[in-house]
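Working notes, beginning with the structure itself.
Note: hydrogens, waters and symmetry copies are ignored here, and every other heavy atom, side chains too, is used. Both ligands and their constituent atoms are indexed starting at 1 by order of listing.
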Amino acid sequence: MNTASAINAIKWSDNALHLLDQRLLPEKEVYLSLKTSTEVTEAIRDMVVRGAPAIGITAAYGVVLAAKNRWQESQSNWKLNIEPDLDELSNSRPTAINLNWAIAQMRSLISECDENPVEKLLMLARQIHAADIAANRHMGDLGAALIEKSSGVLTHCNTGSLATGGYGTALGVIRSAYEGNRLSHIFADETRPWLQGARLTAWELAKENIPVQLIVEGAAASLMRQGKISWVIVGADRIAGNGDVANKIGTYGLAALARYHGLKFMVVAPTSTVDLSTHSGDNIPIEVRDAKEILSVMGQAIAPQTVGAWNPVFDVTPAELIDAIVTEKGVVMAPNEQKMSALMQEG
Ligand code: MRU
């Protein structure tokens, strides 16, 4: 039985967006209610919600709030007045391309609206949300089919219901493979500094009684050397035209380690994460966050607060280290520019 839908981190009701505050998990389950697009921008920037597809969906609902408020303010000038709100949302986080993808969809509908736009925009935001869940389910099946029975897998960061519309990308594949009795072991690394693996992935899997063992990032090489896994499965924040993948910092290291140990490396992401206009990984903007995230854990200092810290939160895995990119349009083995462009031309 699948209980993944029990986690619903993004909800729309009573003219407001309700977000499960991921900063407080696993300790507390608290929803924040947002009524303006500026509140949505702040929620994305401050990691109330995170994960590329979830950020895109949240931004789409943020556009609905912006339209509602701008229409109320001025029915003649709302299309002009909403532009700064869209820009503010677009700039809330730089690496996840799903954010710009979702805003581009909403912007295109705005250009066609003459009457009160709220219902139409809300319908599109709901469609983007539902389509993401459907894509995840399909990718779950496609990715699971690549995994041989009795395999051990390692995942990084959080790519589950919390990071998407629901179900998950890499974690969706792991859910599907687990349901299909293909997995002997699931390992999740804690994912310093924000602990998405320890706080969020472990929370999601524990909630559904799917057994998982946490490791510290430094244990990944030993795990691989001891033959405990055969696949590393991760999500993506942006996939460049040549198949290079930006994802949570540490992903590149895992891919290099996997290749060294003769293991397979799978990236799972909807095509809304593929950005053919970014030619290679070198062109992907990498977000660098506050040093405080490294110097403290959950508000508790763990290093002298006077030292410096470098905190890039994503890295780029070159296409040559990737065995499979799984999307809702199909699977690309050994990705390259030609295969990525053929994938994106699929209907
Ligand atoms: O900084 P985050 O938590 O937003 O980073 C999330 C990731 O890197 C995920 O792996 C990625 O967005 C894919 S989520 C389905």
Side-chain angles (χ1 to χ4, degrees), residues 4 7 9-10 19-23 25 43-59 92-102 129 132-133 135-140 143 154-175 188-204 217 232-239 245-255 265-275 281 284-290 293-294 311-317 322 325-328:
I7 301 171
I10 307 170
L19 296 177
L20 179 57
D21 190 342
Q22 299 189 28
R23 300 169 302 182
L25 291 172
I44 295 172
R45 195 191 52 217
D46 298 344
M47 312 271 288
V48 170
V49 57
R50 27 66 49 205
I55 292 171
I57 294 160
T58 300
S92 54
R93 290 195 74 189
T95 306
I97 194 64
N98 305 61
L99 178 62
N100 293 334
W101 174 88
H129 193 166
D132 188 63
I133 299 173
N136 286 344
R137 297 259 171 199
H138 188 45
M139 294 188 294
L154 169 65
T155 191
H156 187 56
C157 195
N158 170 265
T159 61
S161 296
L162 293 168
T164 61
Y167 200 65
T169 56
L171 208 59
V173 167
I174 290 173
R175 282 190 162 104
D189 57 28
E190 59 177 0
T191 318
R192 281 280 292 147
W194 214 72
L195 299 176
Q196 286 94 333
R199 296 193 305 104
L200 309 179
T201 300
W203 178 79
E204 283 198 29
E217 259 99 313
V232 176
I233 310 179
V234 300
D237 282 78
R238 191 183 302 209
I239 301 178
V245 167
N247 191 49
K248 180 53 54 192
I249 190 77
T251 303
Y252 174 33
L254 291 176
F265 192 86
M266 185 193 305
V267 174
V268 189
T271 49
S272 52
T273 306
V274 178
D275 177 19
I284 298 177
I286 298 295
E287 178 180 8
V288 178
R289 291 182 70 89
D290 201 314
E293 292 183 353
I294 292 184
N311 188 18
V313 299
F314 300 100
D315 59 24
V316 173
T317 300
I322 299 168
I325 294 182
V326 176
T327 75
E328 80 285 6

Just to verify, which of Thr95, Asn98, Asp275 counts as forming a side-chain hydrogen bond (donor to acceptor under 3.5 Å, both in side chains) with Arg238?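 With Arg238 as partner, Thr95, Asn98, Asp275 yield a single side-chain hydrogen bond (donor to acceptor under 3.5 Å, both in side chains), made by Asp275.
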Kindly indicate whether the side chain of [X], heavy atoms from C-beta on, has any atom under 4.5 Å from the side chain of [Y].
X	Y	result
Phe265	Val234	yes
Leu25	Leu20	yes
Asp189	Leu254	yes
Arg192	Ile294	yes

Around [atom], find the nearest protein heavy atom and jot down its residue, atom name and distance.
atom	value
atom 10 (O) of ligand 1	Asn247 OD1, 2.6 Å
atom 12 (O) of ligand 1	Ala52 N, 2.8 Å
atom 1 (O) of ligand 1	Lys248 NZ, 2.7 Å

Mode of [X] contact toward ligand 1 - side chain, backbone, both, neither (heavy atoms, under 4.0 Å):
X	value
Thr169	side chain
Ala54	neither
Phe314	side chain

Taking the non-hydrogen atoms of Ala96, is any one of them nearer than 4.0 angstrom to ligand 1? no
For ligand 1, is there an atom lying under 4.0 Å from some heavy atom of Met47?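 Yes, Met47 has heavy atoms under 4.0 Å from ligand 1.
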Pairs of nitrogen or oxygen atoms closer than 3.5 Å, one from [X] and one from ligand 1: do any exist?
X	answer
Arg93	yes
Thr164	no
Asn158	no
Ile55	no

Taking all non-hydrogen atoms of both residues, which atom of [X] and which atom of [Y] are closest, and how far apart?
X	Y	answer
Asp46	Arg23	O-CD, 3.1 Å
Arg199	Gln22	NH1-O, 3.0 Å
Val245	Ile239	CG2-CG1, 3.9 Å

Check each atom of ligand 1 against the heavy atoms of Gln196 and keep those under 4.0 Å away; list them by number with element. 1 (O), 2 (P), 3 (O)
Show the atoms of ligand 1 that are less than 4.0 angstrom away from any heavy atom in Ala163. 14 (S), 15 (C)
Does atom OH (Tyr252) have a neighbourhood of more than 12 heavy atoms from anything else shown, all under 6.0 Å? no
Any ion pair linking Glu287 and Arg93 (charged N to carboxylate O, less than 4.0 Å)?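 Yes, this pair counts.
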Option with minimal heavy-atom separation from atom 7 (C) of ligand 1, where the choices are Ile249, Asp237, Thr155: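 The residue whose heavy atom sits nearest atom 7 (C) of ligand 1 is Asp237.
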